[in-house]
Amino acid sequence: MKYRTHLSSEINESMAGQEVIIAGWIHLKRDLGGKKFLIIRDKDGYIQVVINKKEQPELAELFYELTPESAVSVRGIVKLDKRAPNGYEIIPKEIIVHSRARAPLPLDVSGKVPADIDTRLRERVLDLRREESRAYFKIISVALRAIREELYRRGFIEIFTPKIIATATEGGAALFPVAYFGKEAYLAQSPQLYKELMAGAFERVFEIAPAWRAEESDTPYHLAEFISIDIEMAFADYNTVMEILENIVYRAVKAVKEECTKELNIINYEPPEVKLPLKRFKYTEVVKILQEAGFDIKVGDDIGTPELREFHKIIGEELFFIIDWPSEAKPFYTMPKKDDERFTESFDLNWKFLELASGSTRIHVKDLLIKRLKEKGLNPESFRYFLKWFDYGMPPHAGWGMGLGRFALMLTGARNIREVTLFPRDKKRLTP
RNA sequence: GCCGCGGUAGUAUAGCCCGGCCUAGUAUGCGGGCCUGUCGAGCCCGUGACCCGGGUUCAAAUCCCGGCCGCGGCGCCA
């Protein structure tokens with residue numbers, strides 16, 4: 001017997017009388033004695049199987065051995081019945097149990113009893129059979145496709161840069177050391193330096209790949225391992241790449257709203273409306289507004305989470321840019337503003353209080369780069385292999401990086417980045 | 001790392017303030033029984049739990065201390 005001839009989504013009323021084989025998991029069992037109902041779940045949905053005890057005593061007997069979440073194939077006849085969900089159901093001739101699930105389950109997949117996120121992450125594979133969890137990842141996948149399409153449309157090519165690196169990319173963040181054939185190496189915290197070099201070859205590149213941070217961060221929007229969406233573009237400044245970013249956000253949200261109506265309905269969420277162009281607030285304006293709101297903040301300080309929460313409330317915008325950050329708050333490769341060197345051609349994209357993406361015009365002049373490295377207390381010598389290529393025609397360029405998980409929080413309304421990460425890695429979690 | 005709250009059957013919770021009425025309640029699951037249209041099926045019977053260690057007390061799920069773990073807020077953090 002074949003595993004399957006039809007998905008639940010491929011069966012309809014016009015197939016009455018036809019024999020089909022469906023496959024999936026036992027989602028629910030309802031035993032009324034003479035009639036026994038099985039709800040089979042596959043990747044697209046659910047379909048009901050009805051066993052009549054009198055007519056099919058062997059199958060009625062088998063029914064008792066079927067445990068929830070067992071993987072099965074059911075061969076049977078499609079039958080119209082207005083009492084059935086969707087108006088049709090399967091009258092089985094044969095039920096094959098591919099894999100019997102142990103009972104009881106460590107987690108209720110059917111949605112009757114809620115579980116804490118900690119329990120759900122421990123039992124993640126079963127958790128990912130819940131329709132809410134699957135909806136999250138379908139939405140993320142649709143968004144990613146839209147992002148890729150928009151970048152390809154704009155002449156970007158997708159690249160992969162090394163994830164095992166010799167030196168710290170930017171100094172700041174703590175890295176995970178890797179034992180590398182007797183040498184000291186690290187997991188990349190960002191593709192930053194490599195993507196800049198690649199903009200010097202391909203002009204327009206993007207990468208969607210993991211990055212690692214060994215920070216102490218313990219919040220609902222930080223992970224030790226996360227997927228970063230990065231672009232870098234030659235002959236462009238921060239205004240150009242900001243425009244690309246907001247268009248990508250627009251496209252992704254549009255695609256999700258159009259293609260994921262079922263999933264959004266399951267999670268009962270509507271992503272924010274994206275009105276282009278997004279508002280751009282100068283860093284100094286933001287500081288001023290926060291000072292007026294009573295915060296103890298001065299020019300040069302980073303803007304903390306409580307401040308961002310309040311700022312979002314004051315301006316009443318869900319999605320907005322904060323631009324022209326002071327150089328203290330940005331990495332060494334960020335281009336200073338031409339008219340005022342204390343500030344930079346840089347931006348953060350925020351959803352409410354959450355930083356989704358940040359980017360800038362990059363410095364393409366070697367001497368300036370070395371000067372900025374020193375000012376940041378970094379040793380130019382350890383960036384030798386990066387800096388040498390700036391001797392050979394490095395074009396002006398700009399780019400940004402966006403955390404996929406954080407973007408997914410906006411797309412799904414999930415409260416914790418662990419929800420939208422299959423197997424999150426944080427300070428305490430290394431398994432599963 | 002700091003602050004707050006929490007840890008009770010497989011899962012989710014009540015009980016904790018005000019120690020004894022707790023042989024720890026409920027839902028769901030699981031086992032058994034009844035039931036031929038369920039769709040959160042229903043009804044009956046059963047099953048299964050106080051995070052770890054120390055202390056106070058005649059008596060601790062309940063109060064105190066320490067640890068571990070979780071969640072949230074912050075910090076750290078292109």
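Since the structure is predicted, the reported quantities are computational estimates derived from the model, not experimental observations.
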**Student:** Could you list the residues that satisfy side chain to side chain donor-acceptor pair (under 3.5 Å) with Thr305(A), not counting sequence neighbours?
**Tutor:** none
**Student:** Check each residue of residues 290-309 of chain A for a non-hydrogen atom within less than 4.0 Å of any atom in RNA chain B, then write out the ones that pass by number, or none.
**Tutor:** Gly304(A), Thr305(A), Pro306(A), Arg309(A)
**Student:** In whole Å, I'd like the distance from the CD atom of Glu215(A) to the C1' atom of C2(B).
**Tutor:** 17 Å
**Student:** Here's one to test your reading of the geometry: is the NZ or CZ of Arg309(A) within 45 degrees of the ring axis of Phe353(A) and under 6.0 Å from its centre?
**Tutor:** yes
**Student:** For a quick check of understanding: with a heavy-atom distance under 4.0 Å over all strands, which category does Arg415(A) fall into, base, sugar-phosphate or nothing?
**Tutor:** nothing
**Student:** Measure from the ring center of Phe235(A) to the ring center of His397(A) and say whether it is less than 6.0 Å.
**Tutor:** no
**Student:** Identify, with sequence neighbours excluded, every residue that meets side chain to side chain contact (heavy atoms under 4.5 Å, CB included) alongside Lys374(A).
**Tutor:** Ile370(A), Pro380(A)
**Student:** Residues in side chain to side chain donor-acceptor pair (under 3.5 Å) with Ser327(A), at least two apart?
**Tutor:** none
**Student:** Across all strands shown, which nucleotide pairs with G72(B) by Watson-Crick or G-U wobble geometry, both distances under 3.5 Å?
**Tutor:** C3(B)
**Student:** Let me know, please, whether Leu121(A) or His222(A) comes out on the 5' side of the other along RNA chain B by nearest nucleotide.
**Tutor:** Leu121(A)
**Student:** Could you write out each protein N or O paired with an N or O of nucleotides 3-8 of chain B at a distance under 3.5 Å?
**Tutor:**
none

**Student:** Going by purine N1 to pyrimidine N3 plus the second Watson-Crick contact, or the G-U wobble pair, all under 3.5 Å, which nucleotide sits opposite C50(B)?
**Tutor:** none
**Student:** Using a 4.0 Å cut-off on heavy atoms, which residues in residues 424-431 of chain A reach RNA chain B? List them by number, or say none.
**Tutor:** Lys427(A), Lys428(A), Arg429(A)
**Student:** Does the structure show a Watson-Crick or G-U wobble partner for G40(B), both distances under 3.5 Å? Name it, or say none.
**Tutor:** none
**Student:** With sequence neighbours left out, write down each residue that passes side chain to side chain donor-acceptor pair (under 3.5 Å) with Asp127(A), or none if nothing qualifies.
**Tutor:** Arg120(A), Arg124(A), Arg130(A), Ser133(A)
**Student:** Take nucleotides 25-39 of chain B nucleotide by nucleotide from the 5' end and write B, S or -, depending on whether a protein heavy atom sits under 4.0 Å from the base, only from the sugar-phosphate, or from neither.
**Tutor:** ---SSS----BBBBB
**Student:** Let's test this: given Watson-Crick or G-U wobble pairing with both distances under 3.5 Å, identify the partner of U13(B).
**Tutor:** G25(B)
**Student:** Quick one: Tyr46(A) OH to G40(B) P, roughly how many Å, whole number?
**Tutor:** 12 Å
**Student:** Rounded to the nearest Å, what distance is computed from the CZ atom of residue Arg120(A) to the C1' atom of nucleotide A12(B)?
**Tutor:** 13 Å
**Student:** Under a 3.5 Å cut-off for both distances, is G20(B) Watson-Crick or wobble paired, and to whom?
**Tutor:** C58(B)
**Student:** Could you list the donor-acceptor pairs under 3.5 angstrom formed between side-chain atoms of residues 294-304 of chain A and any protein atom two or more places apart in sequence or on another chain?
**Tutor:**
residue: Lys298(A); atom: NZ; partner: Asp301(A); partner atom: OD1; Å: 3.4
residue: Asp301(A); atom: OD2; partner: Lys298(A); partner atom: N; Å: 3.0

**Student:** A cation-pi test, strictly: NZ or CZ of Lys29(A) under 6.0 Å from the centre of the six-membered ring of Phe37(A) and no more than 45 degrees from its axis. Yes or no?
**Tutor:** no
**Student:** How is Ser110(A) classified with respect to the nucleic acid when contacts are heavy atoms under 4.0 Å: base, sugar-phosphate, or nothing?
**Tutor:** nothing
**Student:** Does the gap between the ring centers of Phe332(A) and Phe383(A) come in under 6.0 Å?
**Tutor:** yes
**Student:** For C64(B) versus G48(B), give the span between their P atoms, rounded off to a whole number of Å.
**Tutor:** 32 Å
**Student:** Measure centre to centre between the rings of Tyr283(A) and Trp325(A), then say whether the value is under 6.0 Å.
**Tutor:** yes
**Student:** With a 4.0 Å cut-off on heavy atoms, is Thr119(A) in touch with a base, just the backbone sugar-phosphate, or nothing at all?
**Tutor:** sugar-phosphate
**Student:** Assign Asn416(A) to base, sugar-phosphate, or nothing according to its heavy-atom contacts below 4.0 angstrom with the strands shown.
**Tutor:** sugar-phosphate
**Student:** Please, which pairs that meet salt bridge (Lys or Arg N to Asp or Glu O under 4.0 Å) have at least one residue in residues 53-65 of chain A, sequence neighbours excluded?
**Tutor:** none
**Student:** Name each donor-acceptor pair under 3.5 Å that joins a side chain in residues 109-118 of chain A to protein atoms two or more places apart or in another chain, with its distance.
**Tutor:**
residue: Ser110(A); atom: OG; partner: Asp108(A); partner atom: OD1; Å: 2.8
residue: Asp118(A); atom: OD1; partner: Arg429(A); partner atom: NH1; Å: 3.1

**Student:** Roughly how far apart, to the nearest Å, are U26(B) and U47(B) at atom C1'?
**Tutor:** 15 Å
**Student:** Can the positive tip of Lys279(A) be found less than 6.0 Å from the middle of the six-membered ring of Phe320(A), inside 45° of the ring normal?
**Tutor:** no
**Student:** How about Phe281(A) and Phe311(A): are their ring centres within less than 6.0 Å of each other?
**Tutor:** yes
**Student:** Looking only at side-chain atoms of Asp230(A), point me to the closest of A78(B), C71(B), C76(B).
**Tutor:** A78(B)
**Student:** Which residues pass the side chain to side chain donor-acceptor pair (under 3.5 Å) test with Thr412(A), not counting sequence neighbours?
**Tutor:** none
